[in-house]
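Note on naming: letters A, B, ... go to the chains in the order of the sequence lines (proteins, then strands), and numbering restarts at 1 for each one.
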Amino acid sequence: MSTVIKVENISKQYRLGDVGTGALSHDLKRWWYKARGKEDPYLQVGETNDRSSKGNSEYVWALKDINFEVKAGEVLGIIGRNGAGKSTLLKILSKTTTPTTGSIKVRGRIASLLEVGTGFHPELTGRENIYLNGAILGMTKREIQKKFDEIVDFSGVERYIDTPVKRYSSGMYVRLAFAVAAHLEPEILIVDEVLAVGDAEFQKKCLGKMKDVSVNEGRTVLFVSHNMAAVKELCTRSILLKNGLINLIGNTNQIVRDYLLTQSVVNSSNDFINDATSRRGFGEVRFTKIVINNGDSFLDPMNVLSIQVNATVKQSISDLYFSLLIKSPESGEQIATTGLIQLADKELKSNSIIEFEASIPANTFRTGLFPTYFWLGRKGEMAEDNYPYDLIDSVYYLNFSTDKSKEEIGYSSELPGAYVNLNYQINNIQIF
Amino acid sequence: MEKIVGVDSMEAEQWSEIIQPTAGLFDLKLAEVWRYRDLLFLFVKRDFVATYKQTILGPIWFFIQPLLTTLTFMVVFGSIAKISTDGIPMMVFYMSGITLWNYFAECLNKTATVFRDNASIFGKVYFPRLVMPLSIVVSNLVRFGIQLLLFLAIWVYYLIMGDQLHPNWYLLLVPYLILLMAIIGLGAGMLISSLTTKYRDLVFLLGFGVQLLMYASPVIYAMNTIPQKYAWFIRANPLSSIIETFRYAFTGSGQFSWNYLGYSSIAAFVLLALGTLVFNKVEKSFMDTV
């Protein structure tokens with residue numbers, strides 16, 4: 001197979017702090033060096049991008065010396081924690097910003113879906129927006145015309161196609177937007193967690209479409225996600241980024257495992273929770289804090305597990321359910337759930353705050369690193385109709401370990417591969 | 001993509017695109033802009049449709065705005081301040097100036113904020129950025145076209161009523177004058193938009209600068225009523241001779257000079273070239289600084 005993307009020594013430097021203070025003097029100095037034929041003085045400095053430690057330099061490398069190749073028809077996963085440089089890499093690939101050094105050679109047309117519905121205008125109808133959005137993504141009017149019926153069909157909003165999209169529900173909006181994007185015909189498709197929206201059925205449809213695009217149509221896909229299950233399903237090869245450097249590159253299964261192991265801190269800080277752009281669900285309610293066993297890094301399977309959850313209501317809602325799913329360390333499939341737990345049955349006004357504690361009895365888990373799936377939402381008539389306000393998938397990990405021998409633990413309860421219902425207790429629900 | 005190649009190295013350098021830190025200053029990618037022409041017209045359509053959705057009068061608002069401005073000018077500058085309109089009916093005099101001026105001002109204002117207004121789109125998707133300012137100029141052209149019809153209607157009315165209007169062959173220059181206005185608005189707008197992505201200072205100037213510039217152009221007064229010692233200053237404004245020529249073509253009063261028009265043309269194209277180059281340079285990395 002031929003190489004369609006060749007990334008050579010890509011680095012990207014950012015200046016920290018406020019643009020404006022001191023920027024002019026740096027610009028002048030940079031210009032002065034350049035005018036004398038010298039190298040940019042600020043390229044010499046800079047530190048790797050470790051967000052949590054305080055650095056000495058004003059300049060950081062969001063990406064440093066990235067090299068890799070992608071073959072035609074390959075689906076490459078890009079994973080890493082928040083701030084590892086995934087988005088910067090995608091931005092450079094999709095040409096919304098330039099690299100500081102290095103080059104990327106590309107064969108074929110690139111379309112990037114860093115967000116669905118870019119350029120949708122609320123006042124325009126669904127039909128008008130299909131044309132506009134399609135053109136923004138690089139299609140000509142003729143191409144859109146040819147695909148129009150297919151797009152409408154895929155989105156499932158035919159009835160509302162001549163209604164302004166501001167009247168759409170958020171679900172319909174996303175469906176239409178993804179439908180346009182899914183019908184692009186570039187040789188290379190860059191996808192950044194756009195699947196993170198919509199209901200379960202639609203997410204499945206999207207994953208299926210992505211698979212279809214790569215397997216049946218032979219297109220190259222770069223896929224960035226926090227959702228390890230999706231990465232494992234779609235990608236054979238992956239890149240793990242860490243602090244702007246390529247940490248690992250190779251077989252996806254291996255890399256996902258390594259990635260999960262590096263997440264040894266259970267409460268992988270609350271950065272993710274504050275980061276609205278990478279969040280899923282429709283946003284009527286948002287998790288604001290999740291703390292597992294007071295923030296311990298390692299959990300003892302022989303102790304009770306207690307999880308403190310806080311959430312804020314952004315738009316008033318009529319009912320609120322919570323659910324916690326535990327996934328298998330090996331396959332990433334869901335192996336245990338609390339089911340839907342009703343937290344409130346009366347209307348919650350916006351700005352209400354909900355706090356509660358969920359506890360799971362001792363000896364429920366074996367040792368291992370279990371991805372979790374926190375869910376807040378509305379219960380539907382059927383399971384497929386459950387509507388997520390917010391969900392946090394595979395961000396918090398339960399890291400159970402013990403120094404006791406197997407005999408000493410004497411697993412009273414083993415988590416089997418099958419789906420089981422967790423025993424749980426919900427304490428102290430407080431609504432302010 | 002379908003071709004079968006045995007050895008990788010054989011097709012080693014057939015890349016369709018190379019992403020690099022900096023491209024050449026003159027690498028304007030105009031062919032690419034042409035390929036995205038559908039997008040340009042869809043932006044124009046969006047602007048037009050979206051502006052007047054959920055209004056009762058719809059595009060009639062295009063008429064109301066210049067009409068009210070003209071009436072205001074007639075009262076304030078014509079009747080109260082009694083500034084001479086050089087023998088031309090006040091309505092025709094002011095409206096000719098305002099219609100053309102509005103086109104320039106709209107082009108400039110909208111283009112000057114193009115990066116900030118579209119940061120959300122620009123940050124997510126790549127398309128040749130030049131499409132955006134071009135679409136602004138074209139969509140304002142539609143608006144201008146409608147306003148021009150209103151002006152023509154009024155002009156024809158006064159013509160039939162036998163007022164002192166002497167249209168002449170310079171009317172043939174009108175499309176060119178409009179083009180010049182567009183080019184100056186576009187060029188200056190792109191220049192300002194590029195300079196303001198990093199340092200926002202110019203934004204403040206722009207707010208009232210356009211207003212002030214109008215008074216330095218013969219919109220509310222006739223060129224030949226200006227005292228000689230200020231005339232050079234007004235002449236130095238490349239917009240002046242465009243507005244003056246426009247008015248001269250329709251009414252036959254005022255001054256026309258090929259020299260001044262030539263000066264305006266050169267200024268316009270220099271501004272356009274400068275604006276395009278700077279815009280093209282800034283466009284690549286503005287997301288990091290905007």
ask   = For the ring pair (Phe, Tyr, Trp, His ring centres under 6.0 Å) test, which of B/Phe151, B/Phe104, B/Tyr103 pairs with B/Phe144?
value = B/Tyr103
key: Carboxylate-amine/guanidinium contact A/Lys105 A/Glu8, below 4.0 Å   = yes
ask   = Who wins among A/Met139, A/Arg142, A/Lys141 for the most heavy-atom pairs under 4.5 Å with chain B?
value = A/Lys141
key: Test: B/Arg129 cationic atom under 6.0 Å from B/Phe122 six-membered ring centre, within 45° of axis   = yes
ask   = Where does the angle between the aromatic ring planes of B/Phe279 and B/Phe115 fall among parallel (under 30°), tilted (30 to 60°) and perpendicular (over 60°)?
value = parallel
ask   = Near B/Leu68 CG, under 6.0 Å, is it more than 12 heavy atoms from other residues, nucleotides or ligands?
value = yes
query = For A/Thr88, is it the side chain, the backbone, both, or neither that has a heavy atom closer than 4.5 Å to a heavy atom of chain B?
reply = neither
request  = Could you tell me which non-hydrogen atom of A/Lys71 sits nearest to which non-hydrogen atom of A/Thr220, and how far apart they are?
outcome  = O-CG2, 3.6 Å
message = Counting heavy-atom pairs closer than 4.5 Å to chain B, which one of A/Leu137, A/Val106, A/Thr98 comes out on top?
response = A/Val106
Option in A/Arg109, A/Lys95, A/His121, A/Glu123 with maximal non-hydrogen atom pairs under 4.5 Å from chain B = A/Lys95
query = Side chain, backbone, both or neither: which part of A/Leu93 has a heavy atom under 4.5 Å from chain B?
reply = backbone
inquiry  = If we define contacts as heavy-atom pairs under 4.5 Å, which of A/Thr97, A/Ile136, A/Thr140 has the most with chain B?
reply    = A/Ile136
remark   = Bottom line for B/Phe41: the part with an atom under 4.5 Å from chain A's heavy atoms is neither
